[in-house]
Amino acid sequence: MLKFFQYIHGYLIIKVWGFSPERFMNLASHHQLFLWDIENHGDFYLMCISLRDFYKLKPITKKTGTRVAIQKRCGLPFYVPKVKRRKFFAIGLLLSLSFWIWMSAFIWAIEIRGNFHLTNDVLMRYLSGQGLVVGIRRKEVDLEKLEKSLRNEYDIITWTSARINGTRLIVQIKENELREPEEISAVMGDEKGFDLVAGKDGVIVSIITRSGVPLVIAGSEVLEGDILVQGGVPIFNDDLTVRNYQYYEADADIYLLTDFNHIEILPIDYKEKIYSGNEAKVPYIEILGKRIKFGFGRHGFEMFDIIDENKQIRLLENFYLPLFFGSELARDYQIEEKKYSSEEAKEIFTEAAKKIIENLREKGVQIIEKNVTMRKDNVNWYLDIEFEIIEKTGKSIPTSLYVEPVEPEELAETIE
């Protein structure tokens, strides 16, 4: 706070030298003249003094035989005259400051992190549908609502976090392919249960049940949709009839021996782009979504690809602006009709099969037997993939178990 008032009133950095600088400082203190930031440089001293006190130093310098020279003028009284002489600069500075303050009230960049299965394009389209686009006002962004809506819209998203840093909206998500266990109410009168059913036809290899009643054993043949583990545990009457069910969410590790069939199709005829090497580059700037190009004339290419490269301007780490610098690169090409040979098709199919096998193994699928054949007709090449696999199965669905309630009259008749 003291430095602030010193800046407002103005102060000087002075150099003191001569017969007795120490006596100079003592007399200044005796006359209540404030000196600060005193530095001893051997033959001279540097110190700060207020503008008002500086004009009271003349009698002291005469008594002490010292000399004083101004090294630097600091503070508002010295700055204002310069600003007055540069009115246009001051006005421009004020307008520029106002402009940046106004710009900081908007979102000029949206960044999505943590997504693997959901692409940026998919998520950006969803955000756009919710009105969250570049240029929206910061105060119009409801972060909590955004987090909830993303979780509700995509089952694969298990966690979200949204925050605003400067003029950038950052959306962080976590994905999970597995469905989260559902909370099942255990309150009587609102009981629910979930069965586990087979996702495919096959033979049960192993089953370990944690909750529910297993209806199959290892070696059982099942069809798609068959109930494997029942979500309702029966409660029996004395006569062994079912009085009611205690409902649970069936939970078990069930592995199924089944078939995996897939066909890859590759057209025999295809068109290949043959690039000539001729290119034309057009620089541009983009302001608030409007692109201004600086190229002159047309490149004259009949068929061409455009490679767009740009960079968004930012002042600080999180202060992005709606301003892009970039260029469009046009690459000339011609189309040539070709046919895939047997070797080329085999090479393409080999890479496709590797990706399929890799995806299956990432999901924990064990491949027992492989049968892959390649064939063709007049139009396409085909790759027939037939695997015998062991995979985890068990799809959760609401149980259909239900016991009709007994009316009081019927219950009384039964007791009589």
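- Nearest heavy atoms, Gly232 versus Tyr247: CA-CD2, 4.2 Å.
- Taking the six-membered ring where tryptophan is involved, the planes of Phe387 and Phe260 are essentially parallel, since the angle between them stays under 30° and well short of 60°.
- Relative ring orientation between Phe301 and Phe304 is described as tilted, the plane-to-plane angle lying within the 30° to 60° band.
- How far CD of Glu264 is from NZ of Lys355: 9.5 Å, rounded to the nearest 0.5 Å.
- Counting heavy atoms from C-beta on, the side chains of Thr160 and Val171 never come closer than 4.5 Å.
- Between the side chains of Tyr382 and Asp377, at least one donor-acceptor pair of N or O atoms lies under 3.5 Å.
- The cationic atom of Arg168 (NZ for Lys, CZ for Arg) does not lie both less than 6.0 Å from the six-membered ring centre of Tyr320 and within 45° of the ring axis.
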Criterion side-chain contact (heavy atoms from CB on, under 4.5 Å) on Trp159 and Gln172, from CA distance to verdict: CA-CA 8 Å; Trp159 176 85; Gln172 182 85 28; 3.4 Å; yes

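- The number of heavy-atom neighbours closer than 6.0 Å to CD1 of Ile208, taken from other residues, nucleotides and ligands shown, is 12 or below.
- The line from CD1 of Ile389 to NZ of Lys363 is 10.0 Å long, rounded to the nearest 0.5 Å.
- The shortest heavy-atom contact between Phe324 and Gln312 is CE2-CB, 3.4 Å.
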Determine whether Asp308 and Arg291 satisfy the following criterion, side-chain contact (heavy atoms from CB on, under 4.5 Å), listing intermediate values before the conclusion. CA-CA 12 Å; Asp308 193 349; Arg291 183 168 294 188; 2.9 Å; yes

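- Between Ser211 and Glu249 the shortest heavy-atom distance is OG-O, 2.8 Å.
- Residues Val133 and Ser128 approach most closely at CG1-OG, 3.6 Å, considering heavy atoms.
- Within 6.0 Å of atom CD in Glu153, more than 12 heavy atoms from other residues, nucleotides or ligands are found, so the atom counts as buried in its surroundings.
- Taking all atoms of both residues into account, the shortest heavy-atom contact from Trp108 to Gly135 is CZ3-CA, 3.7 Å.
- Side chain of Arg52 to backbone of Gly10: no donor-acceptor contact under 3.5 angstrom is found.
- In terms of heavy-atom proximity, Pro267 sits nearest to Asn380 at CA-OD1, 3.2 Å.
- Between Glu111 and Arg113 there is a salt bridge, since a side-chain N of the basic residue sits under 4.0 Å from a carboxylate O of the acidic one.
- Taken to the nearest 0.5 Å, the SG atom of Cys48 stands 9.0 Å off from the CG atom of Leu12.
- For Glu362, the CD atom sits in a packed shell: over 12 heavy atoms of surrounding residues, nucleotides or ligands are nearer than 6.0 Å.
- Within the 6.0 Å centre-distance limit, the rings of Tyr154 and Tyr126 are counted as a close aromatic pair.
- Going from atom SG of Cys74 over to atom CG of Leu51 covers 11.0 Å, rounded to the nearest 0.5 Å.
- Other residues, nucleotides and ligands contribute at most 12 non-hydrogen atoms within 6.0 Å of the CD atom of Glu347.
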Would you check, one step at a time, whether the test side-chain contact (heavy atoms from CB on, under 4.5 Å) holds for Lys271 with Glu337? CA-CA 5 Å; Lys271 297 178 180 180; Glu337 301 282 347; 3.2 Å; yes

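- The number of heavy atoms from other shown groups lying within 6.0 Å of CZ (Arg73) does not exceed 12.
- Residue Phe349 holds its CZ atom at 12.0 Å from CD of Glu344, rounded to the nearest 0.5 Å.
- Heavy atoms from other residues, nucleotides or ligands lying under 6.0 Å from CD of Glu140 number more than 12.
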Check step by step if side-chain contact (heavy atoms from CB on, under 4.5 Å) holds for Asp226 and Leu215. CA-CA 10 Å; Asp226 285 353; Leu215 302 183; over 6 Å; no

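- Around the NZ atom of Lys395, the shell of radius 6.0 Å holds no more than 12 heavy atoms that belong to other residues, nucleotides or ligands.
- In this structure, the separation between CG on Asp43 and NZ on Lys15 is 8.5 Å, given to the nearest 0.5 Å.
- By the 6.0 Å contact criterion, CD on Glu272 is enclosed, its count of non-hydrogen atoms from other residues, nucleotides or ligands being greater than 12.
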